Amino acid sequence: MSEDKLPSRSEDYNDWYNSLVIRADLADYGPARGTMIVKPYGWTLWENIQQALDRRFKSTGHVNAGFPMLIPKSFIDRETSHVEGFSPELAVVTVGGGKQLEEPLVVRPTSETIIGHTYAKWIKSYRDLPLLVNLWNSVVRWELRTKLFLRTLEFWWQEGHTAHATYEEAQEETRQMLDVYLDFARNEAAVPAFFGRKSDSERFPGADLTYSMEAMMGDKKALQAATSHNLGQNFARAFDIQYLDQNNEMQYCWTTSWGLSTRFIGAMIMTHGDDQGLILPPRLAPHQVVIVPIYKNHDEKALVMEVVERISRLLESSGLRLKIDNREGLTPGFKFNDWEMRGVPLRVEIGPRDVANESVGLARRDIPGRDGKSFVPQEGIGPVVEEILAKIQLELLERATAFRDANTHQPRDYAHFKEIVADGFAFTGWCGGEECETSIKNDTKATNRCMPFEQPKDVGLCIYCGRAAVEQVYFARAY
RNA sequence: CGGGGUGUGGCGCAGUUGGUAGCGCACCGCGUUUGGGACGCGGGGGUCCGCGGUUCAAGUCCGCGCACCCCGACCA
């Protein structure tokens with residue numbers, strides 16, 4: 001740590017983000033351009049995200065599997081729009097064991113093709129359906145401009161791949177998994193998101209329909225935080241995924257895929273973080289509570305540590321994830337700032353005064369300074385801490401929701417629209433024409449983020465061309 | 001691939017008219033400190049991005065590479 005203070009968000013949001021990722025000990029740059037090393041603190045956060053999602057996947061009937069990272073290049077070429085979408089960003093392996101390969105292999109940019117190939121072998125009968133599999137893995141996409149967590153050459157994620165007998169079932173799955181993501185984001189990460197359908201230009205290459213979750217970051221830009229695709233029969237036809245139905249007739253399957261990546265960590269950083277550093281939601285934070293002991297000499301240390309041990313046993317017994325900062329040679333003040341940088345939701349301070357008063361000091365990360373501090377009795381500390389954590393969790397969501405809504409507006413006209421998307425989200429009518437989307441993008445850098453399922457009766461006029469709108473859309477500048 | 005910039009201990013930088021490399025932070029040791037980013041003393045650490053050239057002498061001047069960063073066209 002060369003400087004004490006983080007660059008401020010208002011002065012340079014980008015610099016704030018880049019510094020914070022490093023300073024909070026989440027991740028670092030890998031030696032190859034555009035690669036990321038996720039450090040233990042960041043990975044623990046990812047593990048907590050994984051667990052929260054995995055629970056939800058299991059409870060909706062999915063099972064996990066592992067698939068190869070290397071895919072025959074010809075697989076990618078099988079589905080027309082998939083090739084077009086991914087060709088520019090493929091990493092291709094042409095040499096193996098010192099010999100030129102007969103057929104190049106690609107490092108998976110996503111697994112639809114190898115899943116298609118495999119499902120074609122696994123699925124013979126309607127009795128094999130639905131097939132509900134999820135993969136936890138990493139993928140590689142050769143991006144030009146990279147940024148830790150948001151866009152790196154390799155990133156970690158989960159990709160769900162399901163096959164169904166009917167369109168309706170596949171559609172239901174696509175929608176269900178979007179709801180799983182929304183529930184996770186809202187109730188675990190305290191990230192409120194808009195959601196809906198992607199326009200044709202923003203759709204996943206190879207999908208009939210893409211749903212997405214769009215969150216507003218602290219700089220009022222949008223971040224696509226998860227996607228769910230109804231792939232129709234596109235991959236089923238390309239890879240010949242067929243089954244015999246009850247009438248002994250061959251039918252193509254209907255497939256879906258859906259994913260959430262380590263990018264979501266970026267969403268959490270930029271939803272909750274402030275100029276002091278990260279603010280992590282208690283349900284996902286690697287440490288929910290950090291205890292900082294305070295003492296001047298050996299005698300005080302002995303007294304203080306005795307209380308620290310007792311309190312920590314108590315809190316851990318109620319299942320809290322707890323960290324005691326017993327590092328020597330660092331002042332309490334330094335430790336306060338350090339854990340604030342890392343976003344620990346609640347700090348417990350225990351010093352000689354607390355030993356004497358049978359109290360502890362509490363400091364809420366989400367309320368900086370004196371307002372977030374209080375002294376409470378050691379007696380009954382467990383329930384008090386749990387209550388505060390629950391409150392923080394709730395208030396983070398409330399705050400983020402209020403921020404999102406305060407910065408989302410319905411424009412009166414195109415001039416007003418331009419003003420809005422320069423610093424927020426616009427919700428407005430669109431004629432459905434790609435030309436209008438493109439013009440808006442060239443004009444304002446704002447893109448069509450998604451179109452909500454619930455539409456007003458009167459969708460009004462297209463904000464760009466003034467013709468009748470087909471639906472209302474969120475427009476925003478996006479990551 | 002276009003435009004701009006930078007390469008010097010782990011990180012951030014300084015290095016004058018060419019004269020044999022320094023500062024802050026971090027790191028190690030000892031001591032004093034410790035309720036909001038402590039201090040003193042001592043210490044370790046460098047193919048100055050690479051190659052070639054000019055010169056008695058190159059971090060510094062010249063040429064050619066390479067890498068990375070920022071801004072544009074593509075993207076979870």
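Note that this is a predicted model, so its numbers are computed, not measured. Numbers restart at 1 for each chain; the letters A, B, ... are given by sequence-line order, proteins then strands.
Residue A/T331 has no polar side-chain atom (N or O) positioned under 4.0 Å from OP1 or OP2 of B/rU34. Residue A/K445 places at least one side-chain N or O closer than 4.0 Å to OP1 or OP2 of B/rG72.
To the nearest angstrom, P of B/rC68 lies 10 Å from CG of A/L153. For A/D15 and B/rG12, the CG to P distance is 12 Å, given to the nearest whole Å. Remark: P of B/rC69 and OH of A/Y29 are 8 Å apart, rounded to the nearest angstrom. Going from atom CD of A/E300 over to atom C1' of B/rG35 covers 11 Å, rounded to whole Å. Whole-Å rounding puts the A/D299 CG to B/rU34 P distance at 14 Å. Atom P of nucleotide B/rU34 and atom CZ of A/R327 are separated by 19 Å, given to the nearest angstrom. Put simply, NZ on A/K335 is 11 Å from P on B/rA38, counting in whole angstrom units. The distance between atom NZ of A/K441 and atom P of B/rG72, rounded to the nearest whole Å, is 12 Å.
Counting any heavy atom pair closer than 4.0 Å across all strands shown, A/L330 reaches a base atom. Among the protein residues, A/F86 comes within range of no part of the nucleic acid, since none of its heavy atoms lies under 4.0 Å from any strand. Note on A/Q224: only backbone sugar-phosphate atoms sit closer than 4.0 angstrom, heavy atoms only; bases stay farther off. Nucleic acid contact class of A/R347 (heavy atoms, under 4.0 Å, all strands): base. Note on A/N297: nothing from the nucleic acid sits closer than 4.0 angstrom, heavy atoms only. Using a 4.0 Å heavy-atom distance criterion, A/L150 is classed as a base contact. Looking at heavy-atom distances under 4.0 Å, A/S257 makes no contact with the nucleic acid at all. Among the heavy atoms of the strands, none lies under 4.0 Å from A/G259.
Of the listed nucleotides (B/rA76, B/rG37, B/rG36), B/rG36 has the atom at the smallest distance from the side chain of A/E340. Of the candidates B/rG37, B/rA76, B/rG35, B/rA76 carries the atom nearest the A/S261 side chain, counting heavy atoms from C-beta on. The side chain of A/I294 has B/rU34 as its nearest neighbour among B/rA38, B/rG36, B/rU34. Side chain of A/R141, nearest nucleotide from B/rG35, B/rG37, B/rA76: B/rA76. Considering only side-chain atoms of A/N337, the nucleotide from B/rG37, B/rA76, B/rU34 that sits closest is B/rG37. Relative to the side chain of A/K296, the nucleotides B/rG37, B/rU34, B/rA76 differ in distance, and B/rU34 lies closest. For A/L144, counting side-chain heavy atoms from C-beta on, the closest listed nucleotide (B/rG37, B/rA73, B/rA76) is B/rA73.
Between A/Q276 and A/E89, the residue anchored closer to the 5' end of RNA chain B is A/Q276, taking for each the nucleotide with the nearest heavy atom. In terms of position on RNA chain B, the residue among A/A478 and A/P352 whose nearest nucleotide sits closer to the 5' end is A/P352.
Aromatic ring centres of A/Y474 and A/W430 lie farther apart than the 6.0 Å criterion allows.
At a cut-off of 3.5 angstrom, the base of B/rG35 holds no donor-acceptor pair with the side chain of A/K373. For A/D338 against B/rG37, no side-chain N or O and base N or O form a donor-acceptor pair under 3.5 Å.
A stacking contact between A/F334 and B/rA38 is absent: the pair does not combine a ring-centre distance of less than 5.5 Å to the base's six-membered ring with planes differing by less than 30°.
Taking atom C1' on both B/rG46 and B/rC13, the two are 15 Å apart, rounded to the nearest angstrom. Across the P atoms, B/rC23 and B/rG45 are found 14 Å apart, a figure rounded to whole Å. As rounded to the nearest Å, B/rC49 and B/rC69 have C1' atoms that lie 15 Å from one another. Atom P of B/rG9 sits at a distance of 15 Å from the matching atom of B/rG15, rounded to the whole Å. Taking the C1' atom of each, B/rA14 and B/rC51 are spaced 27 Å apart, rounded to whole Å. Taking atom C1' in both B/rA38 and B/rC25, one finds a spacing of 15 Å when rounded to whole Å. To the nearest whole angstrom, the two P atoms, one in B/rC68 and one in B/rG35, are 44 Å apart. Rounded to a whole angstrom, the distance from the P atom of B/rU32 to that of B/rG36 is 22 Å.
Where RNA chain B pairs in unbroken runs of 3 or more (Watson-Crick or G-U, both distances under 3.5 Å), the stems are B:1-7 with B:66-72, B:10-13 with B:22-25, B:27-32 with B:38-43, B:49-53 with B:61-65.
Residues A/S257 and A/H161 have side chains that never bring a donor and an acceptor to within less than 3.5 angstrom of each other. In this model, a donor atom of one side chain and an acceptor atom of the other lie less than 3.5 Å apart for A/T60 and A/H62. Of the N and O atoms on the side chains of A/N448 and A/K198, not one donor lies less than 3.5 Å from an acceptor on the other residue. Residues A/S81 and A/E79 bring a donor and an acceptor atom of their side chains to less than 3.5 Å of each other.
For A/Y414, the side chain to side chain donor-acceptor pair (under 3.5 Å) partners are A/D443, not counting sequence neighbours. Listed by chain and residue number, nothing satisfies the side chain to side chain donor-acceptor pair (under 3.5 Å) test with A/H287 (two or more places apart in sequence, or in another chain).
Other residues, nucleotides and ligands contribute at most 12 non-hydrogen atoms within 6.0 Å of the CD atom of A/E306. Around atom NZ of A/K147, more than 12 heavy atoms belonging to other residues, nucleotides or ligands sit under 6.0 Å away.
The side-chain heavy atoms of A/N407 and A/F425, taken from C-beta on, include no pair separated by under 4.5 Å. Between A/Y479 and A/M270, the closest side-chain pair of non-hydrogen atoms falls below 4.5 Å.
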